[in-house]
There are 2 protein chains.
Amino acid sequence: MYLANPTQQTAVTTADKVFEQMQHAIVEGEITSGSKISEPELAKRYQISRSTLREALNRLEKCHLIERKANVGSRVVDCTIEGLLELYITREALEGMACRQAALNMSDEEIVDMQAMLKAHSQTQELKDGVAYYQEEGDLDFHYKVILGSHNKQLIDLICGQLYHLVRMYRCQFGMNSPRASRAFNEHSQIIQAICDRDGELAEILMRRHIAASRKNIENKIAEQNLTELINRK
Amino acid sequence: MYLANPTQQTAVTTADKVFEQMQHAIVEGEITSGSKISEPELAKRYQISRSTLREALNRLEKCHLIERKANVGSRVVDCTIEGLLELYITREALEGMACRQAALNMSDEEIVDMQAMLKAHSQTQELKDGVAYYQEEGDLDFHYKVILGSHNKQLIDLICGQLYHLVRMYRCQFGMNSPRASRAFNEHSQIIQAICDRDGELAEILMRRHIAASRKNIENKIAEQNLTELINRK
DNA sequence: TTTAGGCTTATTGTCGACAATTTCTTTTTA
DNA sequence: TAAAAAGAAATTGTCGACAATAAGCCTAAA
């Protein structure tokens with residue numbers, strides 16, 4: 001069920017395949033966050049020429065996983081707290097709107113499908129209670145469905161094609177197995193209900209709250225951590 | 001004052017320069033919207049090798065001005081009504097949030113600067129009343145300032161680095177010299193006031209209304225046009 | 001000892017050629 | 001005549017080599 005690539009564009013060219021491998025490697029942290037990328041080295045590792053490697057790098061840059069400077073080279077983006085919070089702000093705006101559009105544009109079948117997914121998730125969650133991993137994938141599945149449901153190519157491309165690789169990267173690197181699992185679950189059902197009622201305004205508000213809550217959760221953790229650090233220094 | 005490239009990253013490499021030239025050519029319609037791109041032909045026209053042309057194409061793809069399919073080639077995006085409306089929806093979400101963040105994060109100097117700009121625009125508008133061109137540039141200037149004022153790299157990159165080239169393209173291709181000039185002007189001052197008051201919530205609402213109003217204005221025009229077409233057919 | 005300047009090395013940008021794939025044309029067959 | 005298959009032409013993807021730029025190192029002067 002879980003899709004790392006919801007837009008479903010299969011890789012045909014070798015640059016595509018290397019792109020997917022590197023994307024995976026960066027998200028999982030195998031290629032260290034913040035590290036410099038050596039074109040000759042990576043070309044050797046993947047057994048390809050520098051040209052096709054550069055093609056792959058271009059796509060990685062497109063989804064904000066690396067940054068390039070002319071005549072200097074590429075670096076893997078480094079995961080910072082500020083970057084994470086900025087990402088949440090952006091998601092709040094985009095996914096909020098996507099959710100509003102989903103309430104207006106989703107077909108009845110899509111809604112039924114989404115409800116079924118939620119039910120399936122609820123059962124696996126009951127079985128594996130406390131195991132956050134499945135909930136994480138379920139969370140992504142849910143968000144993907146809503147975004148695709150907006151039927152807005154621009155939004156879909158921006159969120160699924162670009163931002164979500166970064167989201168997954170942060171989740172992996174910061175080891176975010178959110179303890180908000182059960183709360184998030186209730187929020188998901190509320191959102192689906194609003195979509196089902198075709199209430200775009202409410203759907204947007206709920207989605208924004210849902211994402212803002214995650215952000216605040218993190219902000220609190222940071223504040224907490226800074227506090228204990230302060231105490232330990234004394 | 002007016003900036004086509006608000007992020008100010010000067011082109012150093014030849015691929016950069018060709019990218020800027022082609023970007024201009026596409027936005028202005030010199031390279032026809034929807035047309036297929038021939039790599040050999042363009043490489044010859046710009047006197048560069050196919051490799052560096054492809055580098056330029058990659059950047060054009062990054063700001064959604066062209067679309068590529070593996071083993072098939074690139075096309076300039078074609079400007080459709082649906083695409084334009086989707087763009088407005090996306091802008092409403094992103095710029096609304098950027099405006100909220102600007103109210104929270106802009107420095108006092110930035111705000112003063114923005115107020116000065118508005119005043120300057122108001123004077124040129126009084127002088128050249130009815131001439132929409134200056135207002136158009138002024139409109140972009142205003143929006144750029146707000147977006148940069150959000151101090152959110154993610155938002156800035158998405159809007160200024162990607163969406164706004166498309167916005168300018170649509171404006172050129174559809175010849176949108178908005179008759180909303182004077183109304184838009186008042187809306188701009190309201191927004192600046194909200195930012196000045198550090199009222200993020202209101203600032204977002206006003207910006208969203210401002211953009212939504214433009215969208216509805218277009219939707220009405222379309223509906224009107226369809227109506228007259230229907231009548232003429234009889 | 002530190003800083004400035006020039007040299008060496010390594011990395012990125014650009015080029016032209018070949019391979020793989022698609023598309024168009026022509027030929028064959030029902 | 002129409003449809004399908006085979007062949008030809010053109011286009012895109014990939015490769016290795018060279019040129020231009022940046023980074024590191026070493027020497028020399030203050």
Side-chain angles (χ1 to χ4, degrees), chain A residues 5 7-26 31-78 161, chain B residues 5 7-26 31-78 161:
Chain A
N5 174 18
T7 329
Q8 290 282 39
Q9 32 206 340
T10 46
V12 297
T13 175
T14 63
D16 277 322
K17 290 170 198 160
V18 173
F19 161 67
E20 287 187 355
Q21 288 183 56
M22 290 189 68
Q23 180 180 280
H24 193 274
I26 290 176
I31 301 180
T32 318
S33 155
S35 68
K36 189 174 181 323
I37 282 178
S38 161
E39 292 185 5
E41 183 200 323
L42 279 182
K44 223 187 296 170
R45 193 198 297 182
Y46 288 103
Q47 310 262 36
I48 56 177
S49 85
R50 260 185 62 227
S51 314
T52 94
L53 177 77
R54 282 163 70 84
E55 182 71 36
L57 291 183
N58 268 314
R59 290 181 213 178
L60 289 172
E61 192 186 7
K62 232 167 279 177
C63 49
H64 301 166
L65 291 179
I66 70 172
E67 288 168 346
R68 299 178 89 184
K69 252 192 260 178
N71 285 318
V72 174
S74 316
R75 306 195 79 87
V76 181
V77 296
D78 56 342
Chain B
N5 173 19
T7 329
Q8 289 284 38
Q9 34 207 337
T10 47
V12 296
T13 175
T14 62
D16 276 323
K17 291 168 198 163
V18 173
F19 161 67
E20 287 187 354
Q21 289 183 53
M22 291 190 67
Q23 180 179 282
H24 193 275
I26 291 176
I31 300 180
T32 318
S33 155
S35 68
K36 189 173 181 322
I37 281 178
S38 160
E39 292 185 6
E41 183 201 323
L42 279 182
K44 223 186 297 170
R45 192 197 301 182
Y46 289 101
Q47 310 263 35
I48 55 176
S49 85
R50 261 186 59 228
S51 312
T52 94
L53 177 77
R54 283 163 69 83
E55 183 72 35
L57 291 183
N58 268 314
R59 289 180 215 178
L60 288 172
E61 191 185 8
K62 233 168 276 175
C63 49
H64 300 168
L65 291 179
I66 69 172
E67 288 167 346
R68 298 178 90 183
K69 252 191 260 178
N71 285 317
V72 173
S74 316
R75 306 196 79 87
V76 181
V77 296
D78 55 343

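Just so it is clear: chains get the letters A, B, ... in the order the sequence lines come, proteins before strands, and each one is counted from 1.
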Euclidean distance, atom [atom1] of residue [X] to atom [atom2] of [N] [Å, nearest integer]:
| X | N | atom1 | atom2 | value |
| --- | --- | --- | --- | --- |
| A:N58 | D:dG13 | CG | P | 13 Å |
| A:R68 | C:dT11 | CZ | P | 16 Å |
| A:D16 | D:dG13 | CG | P | 9 Å |
| B:Y46 | C:dG13 | OH | P | 21 Å |
| A:L53 | C:dG13 | CG | P | 12 Å |
| B:L57 | D:dT12 | CG | C1' | 11 Å |
| B:R50 | C:dC18 | CZ | C1' | 11 Å |
| B:K36 | C:dT23 | NZ | P | 9 Å |

Worksheet item: Is a side-chain N or O of A:R68 found less than 3.5 angstrom from the main chain of A:S74, in a donor-acceptor match?
Response: no

Worksheet item: With distance as the sole test, does A:S35 use its side chain to make a donor-acceptor pair with the main-chain N or O of A:R75 at under 3.5 Å?
Response: no

Discussion item. So if I take every side-chain heavy atom of A:R54 and compare against C:dT14, D:dT12, D:dT14, which nucleotide ends up nearest?
Written reply: C:dT14

Worksheet entry | Candidate nucleotides D:dT14, D:dT12, C:dC15, ranked by approach to the side chain of B:S49 - the nearest | C:dC15

Across the strands shown, which category fits [X] at heavy-atom distances under 4.0 angstrom: base, sugar-phosphate, nothing?
| X | result |
| --- | --- |
| B:I37 | sugar-phosphate |
| B:S51 | base |
| B:V72 | sugar-phosphate |

Practice prompt. For A:I48 and for A:A70, locate the closest nucleotide of DNA chain D by heavy-atom distance; then report the residue assigned to the nucleotide nearer the 5' terminus.
Written response: A:I48

Decide yes or no for [X] and [Y]: does some side-chain heavy atom of the first lie under 4.5 Å from some side-chain heavy atom of the second?
| X | Y | result |
| --- | --- | --- |
| B:M22 | B:L57 | yes |
| A:T32 | A:V76 | no |
| A:Q23 | A:R59 | no |

Practice prompt. Measure distances between side-chain N and O atoms of A:T14 and base N and O atoms of D:dG13, and say whether any donor-acceptor pair falls under 3.5 Å.
Written response: no

Practice prompt. Please state whether the phosphate of D:dT14, meaning OP1 or OP2, lies under 4.0 angstrom from any side-chain nitrogen or oxygen of A:T52.
Written response: no

